[in-house]
Amino acid sequence: MYEIRFHGRGGQGGRMAAEALALAAFLEGKYAVSFPFFGAERRGAPVRAFTRIDDKKIRIKTQIYEPDYVVVLDETLIETEDVLEGLKPDGMVIINTQKKPEEVKLSRSVRCATIDATTIALETIGRAITNTAILGAISRATGKIGIDAIEKAIIEKFGARLGKEAGEKNAIAARKAYEKTIVGIAKAGKKFEGKKQWLPTVDELPLGGSIGTLQTEAGLVGIGSFSENKTGGWRVFMPVVDEQRCTGCKICWFYCPEGAIKMVDNKAKINYDYCKGCGICENECPFKAIEMKREVRI
Amino acid sequence: MDKYERGERMNLKNLPDDEYFTPGHTACPGCAAPIIVRNMMKILGKDTVIYTPANCLLVFGGTYPYIAWKVPYFHEAFENTGSSISGAARALKKQGKKVTVVGIAGDGGTYDIGIQALSGAAERNEDVIYVCYDNEAYMNTGIQRSGSTPYGAETTTTPAGKKILGKLRHKKDMAEIMRAHDIPYVATASISHIADFLKKVEKMKNIEGFRYFHVLSPCPTGWRYDPSKTVEIARKAVDSGMWTLYEAEYGEITNIYKPKKKIPVEEYIRGQGRFRHMTPEMIEELQRWVDRKWERLYGEKP
Amino acid sequence: MNLKARKMVATGDHAAAYGALLANVDVVAAYPITPQTLIVEDFATFVDDGITDAEFIMVESEHSAMSACIGAAAAGSRTFTATSSQGLALMHEMLPIASGLHLPIVMPVVNRTVAAPIGIWCEYNDIMPQRDSGWIIGFIEDNQEVLDMVLMGYKIAEHHDVLLPFMFGLDAFILSHTVEPVEAPSSDEVMKFLPSYKPIASLDPDKPMAIGTFTPPEYIQEERYQTDKCMRNAKRIIKNVTKEFADVFGRNYHGLIEEYKTDDADVILITLGTVTGTARDVVDELRGRGIKAGLVKLRFFRPFPVEEVRMLIERENIKAIGVYDRSVSYGVGGPLYIEVKNSLYGYDLPIINFLAGIGGRDVVKGDVEKMYKILQDVKDGKTRKDIVWINTRGVKE
């Protein structure tokens, strides 16, 4: 049996990819299960999906903690979380990026396959939806599942949802990705501070969970504590303020759903810890003082 | 807040910096609900108790032990916003506390499963504020149709199928139902009209008795448009007459906003994936509904 | 409020409403349903006559009644409601929310049959399905106990080792609409026994708290353990409070169960509700005839008095146990029977279930005598049957 964990963002189709992979394995006569992270995450938030494949019936129903493969649909995620968490020592990570494996820096040195799925998707499907192209890369990188089965699964699964033509285009994207995947070794050296979690005992937990504000080892919890959750990592495009043009009219300040804009000296200042990059500020600024730019994370 | 305390009306310039709903919340990018909530709270202020039933706001406003609210907050269930806030408000009254108790429900929790408790609380004229943030479907559970979903819109339970294209029935007029309750205040609002929005929040804060505040809440995920267009779409909803801004006191409309130039409904639905499949006949039917509503509310043909 | 001690002749419903008045409740939210209506009407009269300044919310359904009670209790107020039958069923969704948030609401439930078929008479199929709701569940024998149970109920429920909501059943019409003498203590005496409620959480802008938030699996299991512990603690607190009540008011309810002539009994019947009173008379008469019959009145169904029931059996005089149920868990027997069998796991003793009074059918002395007769026969080895439907046409007893 081998296990695959997909990292994507809500709305990017990670779950569909995980399910299509299971279908491909099934078409090859294998037994496969796929499931999403059981949560309530929203569009844009980092989400996970899982696939388990074996030659015989899979009876285990737990979540996957030590995958053999990790698939990253959105490159920005490797900057904000340790995607290698729990990956087996001889496991492999497959990343959608323009970089070569040797140029990718992760928390440890690890077998790594890279594919520019975004470009392939744009060229083939016409949209930056990478969840089918990545399946081709999985086929190539793992060598465990044939590209023919992947194509068939995509046509069946995506074709049913999006129409025959779209299904075929997605299958072509997977084939192209299969041909262009590069396998190598990623570099070590990226540091992640493990986020501590507040896990009180039954005696420490306030009765019924009713909570005021509490300072814990894991940071602030309770009333007003959601600011501990930095949503800036969701962002793909970042707003940049042109201070020359900004008149301090406060329209963006009013409209920011995150409250991530403060007025400082009558100019809009964006708090990138929380900005999710929705672009409302750019769209609503009457003076064209805000521009959304592709996020570059170092 | 000095000017405001001196009696100047609330506007964008003097709207306080205070935030009672913290960043870090997990709403989808471009969601209108946190825009509504953040700015409403700036006026309602610290002495406010918030209730949310089951809805997106419950989930994106806090996952234990993290909570975005900085004021007292409680949740019980889905269909009982009206009664839950009644209980809290009466208890706080008995305790002699001057507190504004506010329930913030979605359209499903208001139009459908919550209408009984809402109607009961309104009929009793409980001293509370009931806010409906209306995103026109059950978004929290993945975009299923509600009584608020407009005609023709595609949801996961009214798919644009081979035989039936989207929802067959028009949107229920909830604000009008509330107006029929003879309560001190009913207001509809839109984030696209900032001054109007702020004026209404400020006004209802100072009214005693049952106040119903209904805000259109465009949803990029469920309505399928680019998240940056949230305010633009809210504005078009008003300009097309799909959404009408008014205030009513004890059933009488005391103030109603009339768009300077009424745009065709087609202009509003363009760019929203949920309406993409609509045929010209369906668009005409939606336009007829808008025009009927227009005539009813403005007393003249559009 | 300054109410003098008085003796009155009152219905069970009035005793419940008067108990709430004496408990000085802050908020009442209720919806009328037969045969609970008199409670709502009587309390409305207290409010409109200015006897209490409690807030009375006349909601539009039982679901809203419990929702409003939870809102009021979450805000830190002493809260009361009452319901029955279909109303309790409609409220069902809200019950575990009250217990999960540890809100000590007190609620008399006038036990009435749940449809179908629709009826208004006594049966316990309304309250028994609330078994796992996290509420303390008690049963009542007479109208005096109704009033006293409201007072004890708050004292138990509000204890910081418990902090659970408290419901108790009183039999439809047999108590709710029957007048009998009830002694009411003065409000001063009650105040001493039951000081004002000290909540652990409230909705205070000066000390904001979040109550009932969206909670992931990392915390819910611990919260369930807490509630389980509170329910276990309730056994100790019930005993203490009943004793304190006896010391102050002179009426002793003996904790979780009350034994009647069990010391040398060779057969005992475990009862709940008003049948207990009838059974006391039957026991006396059987004793007059030399039959060693005993009786155990079960006062609490949750927490269930497992240890107390076991201790009875440790005494070797008891040779057969009968369990009376006024509702059925279809295909299995009565809910009380299941609990008693669970408590007596490992003991080799016949336990017979008597189903009687279903749908409000009167349980007369002859029915109870029949139960004891069957127990005698079981003891003597003449018969052995697990579940007996008493007085059911076409069914052999």
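As the structure is a computational prediction, the values presented were derived from the model and not from experiment. Values below: all heavy atoms of this structure, side chains included; hydrogens, waters and symmetry mates excluded. Convention: sequence-line order gives letters A, B, ...; per-chain numbering from 1.
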Select one option (side chain, backbone, both, neither) describing which atoms of [X] are under 4.5 Å from chain C's heavy atoms.
{"X": "B:I67", "answer": "side chain"}
{"X": "B:K93", "answer": "side chain"}
{"X": "B:E123", "answer": "neither"}
{"X": "B:K46", "answer": "both"}

Need one label for [X]: side chain, backbone, both or neither, based on atoms under 4.5 Å from any heavy atom in chain B.
{"X": "C:E218", "answer": "neither"}
{"X": "C:V27", "answer": "side chain"}
{"X": "C:I70", "answer": "both"}
{"X": "C:A210", "answer": "both"}

Sidechain N-carboxylate O distance under 4.0 Å for C:D26, B:R90: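 Not counted as a salt bridge, because no side-chain N and carboxylate O are separated by less than 4.0 Å.
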
What heavy-atom pair brings [X] and [Y] nearest, and what distance separates the two atoms?
{"X": "B:V71", "Y": "C:P208", "value": "C-CB, 3.8 Å"}
{"X": "C:P205", "Y": "B:T48", "value": "CG-N, 4.5 Å"}
{"X": "B:Y64", "Y": "C:P216", "value": "O-CD, 3.4 Å"}
{"X": "C:M94", "Y": "B:N80", "value": "CE-ND2, 3.1 Å"}
{"X": "B:S86", "Y": "C:I57", "value": "O-CD1, 3.8 Å"}

Is a donor on one side and an acceptor on the other found under 3.5 Å between the side chain of C:E55 and the backbone of B:A91? no

Drop me the distance from [X]'s [atom1] to [Y]'s [atom2], to the nearest 0.5 angstrom.
{"X": "B:D47", "Y": "C:D206", "atom1": "CG", "atom2": "CG", "result": "7.0 Å"}
{"X": "C:S67", "Y": "B:I85", "atom1": "OG", "atom2": "CD1", "result": "11.5 Å"}
{"X": "B:R124", "Y": "C:M58", "atom1": "CZ", "atom2": "CE", "result": "9.5 Å"}
{"X": "C:F214", "Y": "B:T26", "atom1": "CZ", "atom2": "OG1", "result": "9.0 Å"}

Using a 4.5 angstrom heavy-atom cutoff, name the option from B:G120, B:G62, B:G87 with the most pairs to chain C.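 The option with the most such pairs is B:G87.
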
Given the options B:P65, B:G82, B:A54, B:G61, which has more heavy-atom pairs under 4.5 Å with chain C than any of the others? B:P65

Please determine whether side chain to side chain contact (heavy atoms under 4.5 Å, CB included) holds for the pair B:Q116 and C:H63, giving the CA-CA distance in whole Å, both sets of side-chain angles, and the decisive distance to 0.1 Å. CA-CA 10 Å; B:Q116 177 180 317; C:H63 193 282; 5.9 Å; no

B:S119-C:E60 side chain donor-acceptor pair, cut-off 3.5 Å: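 The criterion, which ignores hydrogens and geometry beyond distance, is not satisfied for C:E60 and B:S119.
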
Within the 3.5 Å criterion, strictly below it, is a donor on C:S77 or B:Q95 matched to an acceptor on the partner's side chain? yes

Please report the C-alpha distance between B:H75 and C:I211 in whole Å, then the side-chain angles of each, then the deciding distance to 0.1 Å, and finally whether the side chain to side chain contact (heavy atoms under 4.5 Å, CB included) criterion is met. CA-CA 7 Å; B:H75 160 80; C:I211 298 172; over 6 Å; no

Flag the one option from C:T213, C:T215, C:L203 with the top tally of heavy-atom pairs under 4.5 Å to chain B.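 Answer, by heavy-atom pair count under 4.5 Å with chain B: C:L203.
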
Could you tell me which of C:A74, C:A65, C:A68 has the largest number of non-hydrogen atom pairs under 4.5 Å with chain B?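 The candidate making the most pairs under 4.5 Å is C:A68.
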
If we only count heavy atoms from C-beta on, is the B:E76 to C:M66 side-chain gap below 4.5 Å?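 Side chain of B:E76 against side chain of C:M66, heavy atoms only: no contact under 4.5 Å found.
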
So for atom NZ, which belongs to B:K172, do other residues, nucleotides or ligands contribute more than 12 heavy atoms lying within a distance under 6.0 Å? yes

